[in-house]
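I have placed the structure first, in the form of structure tokens, so that the comments after it can refer back to it.
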Amino acid sequence: MNNNKFKSSFGFLMAAVGSAVGVGNLWGFPYKMGANGGFAFLLCYILCVVIGFVLMTGELTIGRHGGKGVVENYRLTGKRNGWIGVLAALAVLFITGFCCTLTAYCMKYFLANLGTLLHAGWGINGGDALAYWNAFLSNGMEAALLTLLSVAITMVILFKGTSGIEKFCKYAMPLLVLLLLIVIGRSLSLPGSSAGLAFMFKPDWSVFQGTGWITIFARAGGQAFFSLSLGMAIMITYGAYLDKTENIEKNAALICVFDTLVALLAGVAIFPAVFAFGHEPAGGTSLLFVTLQTVFNDMGMIGAFFGCIFYLLAVIAELTSLVSLFEPPVAFITDMAASKGKSISRAKLVIGVSIFNLATGVLVAFDALGQGGLLQPLGFCWMDFFDLFSEGLLMPIGALAMTLILGWKLGPKWMEAELTQEGNAWRTKNFYMICLKYIAPPFILLVFAGQVSNFFNLGWF
Ligand code: PHE
């Protein structure tokens with residue numbers, strides 16, 4: 001695997017930021033910020049990102065130290081630690097399918113707006129956005145075919161290993177930012193857009209009252225971990241492809257800063273336009289595919305143009321996350337085979353992992369967000385189920401185990417040996433170790449409790 005290293009710092013950074021930037025930034029963060037105290041939420045979120053930075057540095061360090069797939073990398077931190085890698089690999093496998101389906105949804109809306117622009121019959125052509133969304137959802141076949149397309153594109157990028165990931169992300173991420181800036185320009189220039197900025201940024205300190213601050217921290221923490229792609233074997237796998245000359249601490253900080261900036265920019269692109277046209281703020285799929293599409297319809301023909309740009313940037317955000325989600329199982333199976341003296345070709349592995357992801361993605365596509373799925377009686381849809389399993393359960397358990405191993409078992413000497421190679425400094429050492437040992441573990445438990453409570457509607461916080 002060592003010949004599969006990232007070739008440049010910029011390439012690695014764009015790949016890691018590409019993994020971090022996804023629907024979490026587009027539809028998760030801006031709405032959560034607006035609905036949970038605005039600027040007050042942002043302050044909490046930034047504190048959570050600091051903990052995220054600690055976890056990210058830890059994951060990249062474990063990855064680069066081992067230089068292999070996630071399970072083997074954990075085993076190299078202690079003979080009995082392999083199971084944490086297994087949890088992380090499972091978390092990735094369960095989350096990937098529905099991310100492929102979400103990519104498919106974004107592709108559909110790119111096409112819907114393109115069709116309008118071309119005056120084609122397959123465009124949305126100003127039709128009612130909610131009706132269009134429901135009709136699309138009930139057509140599982142179309143969503144499944146587009147899921148296949150998203151898997152196929154990811155597969156092609158991945159055949160070439162890190163050089164494919166690097167080449168794609170190096171161009172895709174700057175393009176994404178450029179497209180986002182174009183949408184922001186339009187959104188902010190609309191009359192009445194300031195209400196959207198007020199929704200996102202106006203501080204509401206009352207959210208902290210009583211035990212409210214616990215809820216806010218649990219929400220902000222869950223959002224930050226998801227947004228930074230933590231606890232999912234991803235940063236450990238990418239870390240394994242990182243050159244020893246690279247400064248891990250600096251890279252981790254940059255990834256955290258860029259991811260947060262893109263999340264803020266996404267909010268500034270979305271909410272001013274939503275408010276300018278007098279719509280209600282929303283989160284999740286309804287924000288992206290109903291509210292925003294209504295806004296693009298309201299803008300008339302130019303709206304189709306901005307719709308194309310917006311959904312294209314969403315597709316890019318998702319594809320750069322998908323490559324990071326497909327890679328960990330490929331790396332870890334390669335290693336597992338190697339430890340038994342066997343070698344499996346990369347192409348075969350990429351195809352195998354893609355077929356698995358396609359299968360779960362198609363299941364989610366036909367489930368249509370729970371409308372008529374098998375899990376409906378339980379109050380779940382397949383997407384929620386996979387999300388609960390990976391983001392809700394496996395991710396916090398793995399992240400907690402990592403902090404305990406790094407903070408309490410291996411300690412600062414072990415970390416320092418990896419971090420300070422080739423003359424790199426470890427500037428935040430003391431602060432870092434305090435966070436890792438004393439703050440991160442209880443904080444992860446809080447996020448864990450928040451996720452469980454949220455999924456099962458227990459109303460703990
Ligand atoms: N970080 C991505 C987002 O913010 C989602 C993701 C999670 C991608 C986990 C990879 C792994 O949307």
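This is a predicted model, so every value here is computed, not measured. Note that ligands are numbered from 1 as they come in the structure, with each ligand's atoms numbered from 1 the same way.
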Could you pull out the N/O contacts under 3.5 angstrom between ligand 1 and the surrounding protein atoms?
{"from": "ligand 1", "atom 1": "1 (N)", "to": "Ser19", "atom 2": "O", "distance (Å)": "3.4"}
{"from": "ligand 1", "atom 1": "1 (N)", "to": "Ala20", "atom 2": "O", "distance (Å)": "2.9"}
{"from": "ligand 1", "atom 1": "1 (N)", "to": "Phe226", "atom 2": "O", "distance (Å)": "2.9"}
{"from": "ligand 1", "atom 1": "1 (N)", "to": "Ser227", "atom 2": "O", "distance (Å)": "3.0"}
{"from": "ligand 1", "atom 1": "1 (N)", "to": "Ser229", "atom 2": "OG", "distance (Å)": "3.1"}
{"from": "ligand 1", "atom 1": "4 (O)", "to": "Ala20", "atom 2": "O", "distance (Å)": "2.9"}
{"from": "ligand 1", "atom 1": "4 (O)", "to": "Asn25", "atom 2": "OD1", "distance (Å)": "3.1"}
{"from": "ligand 1", "atom 1": "12 (O)", "to": "Val23", "atom 2": "N", "distance (Å)": "3.0"}
{"from": "ligand 1", "atom 1": "12 (O)", "to": "Gly24", "atom 2": "N", "distance (Å)": "2.7"}

- Item | Sequence neighbours excluded - salt bridge (Lys or Arg N to Asp or Glu O under 4.0 Å) pairs with any residue from residues 100-112 | Lys108-Glu142
- Task: Quick one: list whatever passes salt bridge (Lys or Arg N to Asp or Glu O under 4.0 Å) with Glu59, sequence neighbours left out.
- Result: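 Here no residue qualifies.
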- Query: Considering the options Phe110, Tyr105, Tyr109, which one meets the ring-ring contact (aromatic ring centres under 6.0 Å, His included) requirement together with Tyr311?
  - Reply: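 Only one option passes, and that is Tyr109.
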Return a table of donor-acceptor pairs under 3.5 angstrom between the side chains of residues 289-296 and protein atoms on other chains or two or more places apart.
{"from": "Thr291", "atom 1": "OG1", "to": "Ser286", "atom 2": "O", "distance (Å)": "3.2"}
{"from": "Gln293", "atom 1": "OE1", "to": "Asn113", "atom 2": "ND2", "distance (Å)": "2.9"}
{"from": "Gln293", "atom 1": "NE2", "to": "Asn113", "atom 2": "OD1", "distance (Å)": "3.4"}
{"from": "Gln293", "atom 1": "NE2", "to": "Asn297", "atom 2": "OD1", "distance (Å)": "3.0"}
{"from": "Thr294", "atom 1": "OG1", "to": "Val290", "atom 2": "O", "distance (Å)": "2.6"}

- Is the gap between the ring centers of Phe98 and Phe386 under 6.0 Å? no
- Message: Do the side chains of Glu246 and Arg64 get close enough for a salt bridge, i.e. N-O under 4.0 angstrom?
- Response: no
